[in-house]
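Single-structure report; data block below.
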Amino acid sequence: MAGQQDPSSPGLTGVLRGERLSRSFFARDVLTVAPELLGATVSHAGVTVRLTEVEAYAGQADPGSHAFRGPTPRTAVMFGPAGHLYVYFTYGMHWCANIVCGTTGAASAVLLRAGEVVGGEDVAAVRREGIRRRDWARGPARLATTLGLDGALTGADACAAGSVVAFHAPATEVDHAAVHTGPRVGVAGAGGDALAHPWRFWLADEPSVSVYRPAKPRPRRTSP
DNA sequence: CAGTTGATTCGCT
DNA sequence: GCGAATCAACTGG
């Protein structure tokens with residue numbers, strides 16, 4: 001078990017403001033990394049997003065994780081070293097981006113669920129034309145689209161020098177009281193005690209974070 | 001404003 | 001074949 005973190009300890013552990021996040025930052029327990037990513041920024045293709053909502057996935061211990069059933073060609077990158085992107089395609093049209101965390105083989109990752117654009121707004125405005133600014137990175141697929149992240153970025157090393165994608169620590173201190181956490185809802189395979197963990201983290205009072213609608217069972221189309 | 005539904009491809013069984 | 005870590009459009013009040 002990884003060491004517990006003092007809940008009264010605000011913000012990042014041993015990371016300076018605005019500093020680029022290193023591989024060792026991501027190579028810790030995913031539940032430690034996830035809340036520390038709130039307020040941090042992700043930059044790619046001319047746009048920078050400040051993260052306001054993330055969700056942790058704990059590899060093979062987590063029935064909700066793509067890594068639950070072991071490595072597959074798609075999830076192989078999750079089983080690799082921390083600091084690499086795992087970008088998957090879902091619902092036939094959307095890309096969602098994760099950053100791999102923990103030790104090699106742990107297959108844990110943090111899904112980037114929502115954020116606000118804090119840089120490259122002109123680029124984002126073109127890329128997300130017709131979409132309200134508040135919604136540019138509201139939701140994992142919209143966040144990925146606004147950042148220009150897609151399957152081609154899977155495996156990209158966000159910690160390498162000169163990488164096209166980079167994470168940076170919060171420029172300003174994050175109020176610990178603003179960090180909210182809650183259990184995941186609507187996850188297939190729910191029921192295990194491990195799922196009682198608070199996997200989701202978000203910043204309160206952020207316009208880019210809406211009340212997350214739990215996945216509803218799709219009403220089966222009624223046959224006549 | 002809130003609730004509901006269709007869209008559309010991939011990965012795994 | 002089926003379900004999915006979703007979004008955007010459309011409906012009615």
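Just so we're clear, the structure is a prediction, and the values are computed from it rather than from any experiment.
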Is it the case that R23(A) places NZ or CZ above or below the six-membered ring of F25(A), under 6.0 angstrom from the centre and within 45 degrees of the axis?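 Checked: cation-pi criterion not met.
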
Are E116(A) and R134(A) ion-paired here, with the side-chain N under 4.0 Å from a carboxylate O?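 Looking at E116(A) and R134(A), the cut-off is not met.
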
Could you tell me whether R138(A) and E53(A) have a side-chain N and a carboxylate O separated by less than 4.0 Å?
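No, no charged N to carboxylate O under 4.0 Å.
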
Determine the interplanar angle of the W202(A) and H180(A) rings, folded into 0 to 90°, and report it as parallel if under 30°, tilted if 30 to 60°, perpendicular if over 60°.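 Tilted.
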
Geometric class of the W95(A)/F89(A) ring pair [parallel <30°, tilted 30-60°, perpendicular >60°]
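Because their plane-to-plane angle lies in the 30° to 60° range, the rings of F89(A) and W95(A) count as tilted.
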
Specify the separation, in whole Å, of atom [atom1] of [X] and atom [atom2] of [N].
| X | N | atom1 | atom2 | value |
| --- | --- | --- | --- | --- |
| H94(A) | dG11(B) | NE2 | C1' | 17 Å |
| R142(A) | dC7(C) | CZ | C1' | 6 Å |
| Y57(A) | dA5(C) | OH | P | 7 Å |
| H66(A) | dC10(B) | NE2 | P | 15 Å |
| R138(A) | dA8(C) | CZ | P | 11 Å |
| L112(A) | dA5(C) | CG | C1' | 12 Å |
| E53(A) | dA5(C) | CD | P | 15 Å |
| W202(A) | dA5(C) | CH2 | C1' | 16 Å |

dG11(B) OP1/OP2 closer than 4.0 Å to side-chain N/O of T72(A):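 No, because none of the side-chain N or O atoms of T72(A) sits under 4.0 Å from OP1 or OP2 of dG11(B).
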
Testing Y57(A), Y88(A), Y86(A) one by one against H66(A) for a side chain to side chain donor-acceptor pair (under 3.5 Å), which residue passes?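 That would be Y86(A); it is the only one of Y57(A), Y88(A), Y86(A) passing the side chain to side chain donor-acceptor pair (under 3.5 Å) with H66(A).
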
Of all the nucleotides listed ([options]), which has the minimum atom distance to the side chain of [X]?
| X | options | result |
| --- | --- | --- |
| F89(A) | dC7(C), dA4(C), dC10(B) | dC10(B) |
| Y86(A) | dC10(B), dG11(B), dA5(C) | dA5(C) |
| N98(A) | dG11(B), dT8(B), dA5(C) | dA5(C) |

Please indicate yes or no: is the ring centre of Y91(A) less than 5.5 Å from the centre of the six-membered base ring of dA7(B), with the two planes inclined by under 30 degrees?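 Y91(A) vs dA7(B): stacking no.
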
message = Going by centres under 5.5 angstrom and planes under 30 degrees, do the aromatic ring of Y88(A) and the base ring of dA5(C) stack?
response =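 Y88(A) vs dA5(C): stacking no.
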
Would you say the side-chain atoms of [X] pair up with the backbone N or O of [Y], donor to acceptor, closer than 3.5 Å?
| X | Y | result |
| --- | --- | --- |
| T154(A) | V87(A) | yes |
| R133(A) | V117(A) | yes |
| T75(A) | M78(A) | no |

Quick check for you: to the nearest 0.5 Å, what is the distance between H44(A) atom NE2 and L85(A) atom CG?
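Rounded to the nearest 0.5 Å, the NE2-CG separation comes to 8.5 Å.
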
(Q) Using a heavy-atom cut-off of 4.0 Å across all strands, would you classify T75(A) as base, sugar-phosphate, or nothing? (A)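 Nothing: the residue T75(A), judged by heavy atoms under 4.0 Å, touches no strand.
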
field: Positions of residues 126-135 of chain A (non-hydrogen atom under 4.0 Å from DNA chain C), listed by number
entry: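 By residue number: R128(A), I131(A).
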
Secondary structure of DNA chain B per the Watson-Crick/G-U criterion (both distances under 3.5 Å; [ ] crossing, | other strand, . unpaired) is |||||||.||||.

